[in-house]
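A short write-up of the structure that comes next.
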Amino acid sequence: MDLVIRDARVIDGTATPSYRADVAVRDGRIAEIHPEHAPGPRPTAARTLDADGLALSPGFVDMHAHSDLALLRDPDHSAKAAQGVTLEVLGQDGLSYAPVDDRTLAEVRRSITGWNGDGSDIDFDWRTVGEYLDRLDRNFGGRGIAVNAAYLIPQGTVRMYAVGWDDRPATDAELTRMKQLVAQSMAEGAVGMSSGLTYTPGMYADDAELTELCRVVAGHGGYYCPHHRSYGAGALEAYEEMVRLTRTAGCALHLAHATMNFGVNEGKAPELLALLDRALDTGADISLDTYPYTPGCTTLVAMLPSWASEGGPESVLSRLADGPTAARIRHAMEVVGADGCHGVPIEWDRIEISGVSVPGLGEYVGRTVAESARLRGEEPWVTARRLLLDDRLGTTILQHVGHEDNVRQIMRHRVHTGGSDGILQGDKPHPRAYGTFPQYLGRYARELGILPLEECVAHLTSRPAARLRLADRGQVREGYRADLVLFDPSTVAAGSTFDEPRALPFGIPHVLIDGRFVIEDGKRTQVLAGRAVRSAPRG
């Protein structure tokens with residue numbers, strides 16, 4: 001054996017009771033599990049790690065990650081590695097960097113600068129999904145990446161490629177082209193397709209168009225992961241729309257950051273869960289992910305009404321610069337409730353600036369729009385409009401609109417999984433990027449008892465692995481890949497806070513990917529064991 005982890009409390013990912021055992025690793029896989037008091041000799045190895053007092057679990061799967069460029073630029077990537085994340089699912093919310101042509105790549109880089117930076121430090125030497133996955137594997141001189149990564153086809157990018165930024169139905173030829181792009185991307189290894197149906201241009205797709213694309217995804221064994229059309233006014237209807245659409249298409253459904261936000265949805269988690277239970281009980285294939293925090297995080301430009309974003313980023317800037325048009329945008333946001341803000345009139349005292357792209361605008365970071373406006377002696381819209389123009393739409397925000405009771409109820413559900421939705425950009429990012437998984441284990445399992453520890457681990461390991469159709473990950477089981485986390489159940493906790501969002505977690509001393517230590521004694525090693533995880537062939 002290469003390694004024996006001795007006397008660990010094994011939490012194997014199946015939600016069954018933990019047990020004490022030695023776990024031996026050889027050639028990147030779990031070669032032997034020897035429970036305490038089992039007959040026969042205990043395994044030996046070139047190295048033995050004393051795990052007395054520590055829990056050993058499968059590596060955590062981040063079902064909603066925005067590390068599409070971070071994995072290429074940052075070999076350390078402790079934001080996720082130190083949490084025990086061994087696999088991230090990229091390509092979220094319908095916007096990412098493949099498949100693209102030269103025009104689409106330039107446009108998508110502008111569109112999600114607030115999520116991933118402008119990419120000026122990245123050599124975009126890929127255009128297809130397969131080429132992007134290959135790039136992950138050969139990154140950093142062929143050494144790979146910090147953690148494993150799977151990829152969802154971004155439906156908004158696909159529409160940008162085939163249709164552009166027009167708010168209209170796709171033509172037959174354009175729909176055919178989109179279906180070809182989705183089929184090719186699935187064949188090249190994507191695990192499914194995402195949408196951002198409050199983000200342009202993905203939101204311009206109607207249900208018929210989305211259904212046709214989902215049929216292609218289903219034909220390749222993938223799943224659909226929508227950020228649906230509303231998390232505010234009309235949230236339940238938006239969830240129901242996604243359930244109905246995917247059942248028509250015969251496609252598995254995974255609901256991204258499944259929350260019930262804004263004042264209109266306080267206390268309404270049971271209604272969402274009842275809706276899902278009815279569908280599950282009649283044969284629907286549904287899962288969901290959440291992060292264990294109440295505020296959301298996105299870009300400031302995403303709050304605008306969709307009509308203001310038609311035509312792409314330059315068109316948005318032109319409309320904001322035009323006085324009468326800007327007044328229409330303001331009315332839609334403050335009075336009517338823009339679709340970009342989930343149909344709810346915006347509350348500027350709940351919109352906190354978390355990051356800017358132009359360094360000279362740092363004075364806004366850490367303050368709400370309303371606070372900055374008061375300091376300037378002006379109305380919040382005037383401040384927000386100026387910031388959008390000066391920052392060239394690159395501003396990220398925290399949106400303080402969630403409800404703790406809704407968060408707790410949804411995380412208990414039988415198809416729940418964990419996803420950080422972690423945006424790593426900005427001077428003051430959401431602490432979920434660095435804290436989601438220890439937050440589940442420490443605050444919600446140990447301190448609050450919302451989930452038993454064994455069940456909590458299953459939510460973060462075997463459930464997502466099953467959704468991704470990964471036959472050899474997500475459990476501590478002989479023959480499975482040695483993607484493993486050792487944590488102290490009595491001390492594990494998120495270190496990140498809203499004041500110190502990049503602080504690393506406590507109580508996770510060791511993390512292994514393919515049997516190699518990426519975190520050892522609480523410190524990041526030089527190991528790059530991550531690779532692209534491609535979808536399994538259908539059959």
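Residues: numbered from 1 along the sequence shown.
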Side chains of [X] and [Y]: do they bring a donor and an acceptor to under 3.5 Å?
| X | Y | value |
| --- | --- | --- |
| His66 | Asn116 | no |
| Thr497 | Asp499 | no |
| Glu404 | Thr294 | no |
| His227 | Thr198 | yes |
| Ser287 | Arg467 | yes |

Inset, instruction - Provide the closest heavy-atom pair for Pro154 versus Ala98 in the form atom of the first, atom of the second, distance. - result: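 Scanning both residues, the minimum pair turns out to be CD-O, 3.1 Å.
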Legend entry - Nearest heavy-atom neighbours spanning Val358 and Asp391: N-OD1, 2.8 Å
Inset, instruction - On the 0 to 90° scale, with breaks at 30° and 60°, tag the Tyr97-Phe124 ring pair as parallel, tilted or perpendicular. - result: tilted
Inset, instruction - Measure from NZ or CZ of Arg47 to the centre of the six-membered ring of Phe517 and say whether it is under 6.0 Å with the direction within 45° of the ring axis. - result: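 Cation-pi check for Arg47 and Phe517: passes.
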Legend entry - Ring-face cation of Arg432 near Tyr293 (centre distance under 6.0 Å, axis angle within 45°):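 Checked: cation-pi criterion not met.
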Inset, instruction - Taking the six-membered ring for Trp and the single ring otherwise, decide whether the centroids of Tyr440 and His416 are under 6.0 Å apart. - result: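 When the ring centroids of Tyr440 and His416 are compared, they turn out to be within the sub-6.0 Å range.
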Legend entry - His510/Phe487 aromatic ring centres below 6.0 Å: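 Between His510 and Phe487, the centre distance exceeds or equals 6.0 Å.
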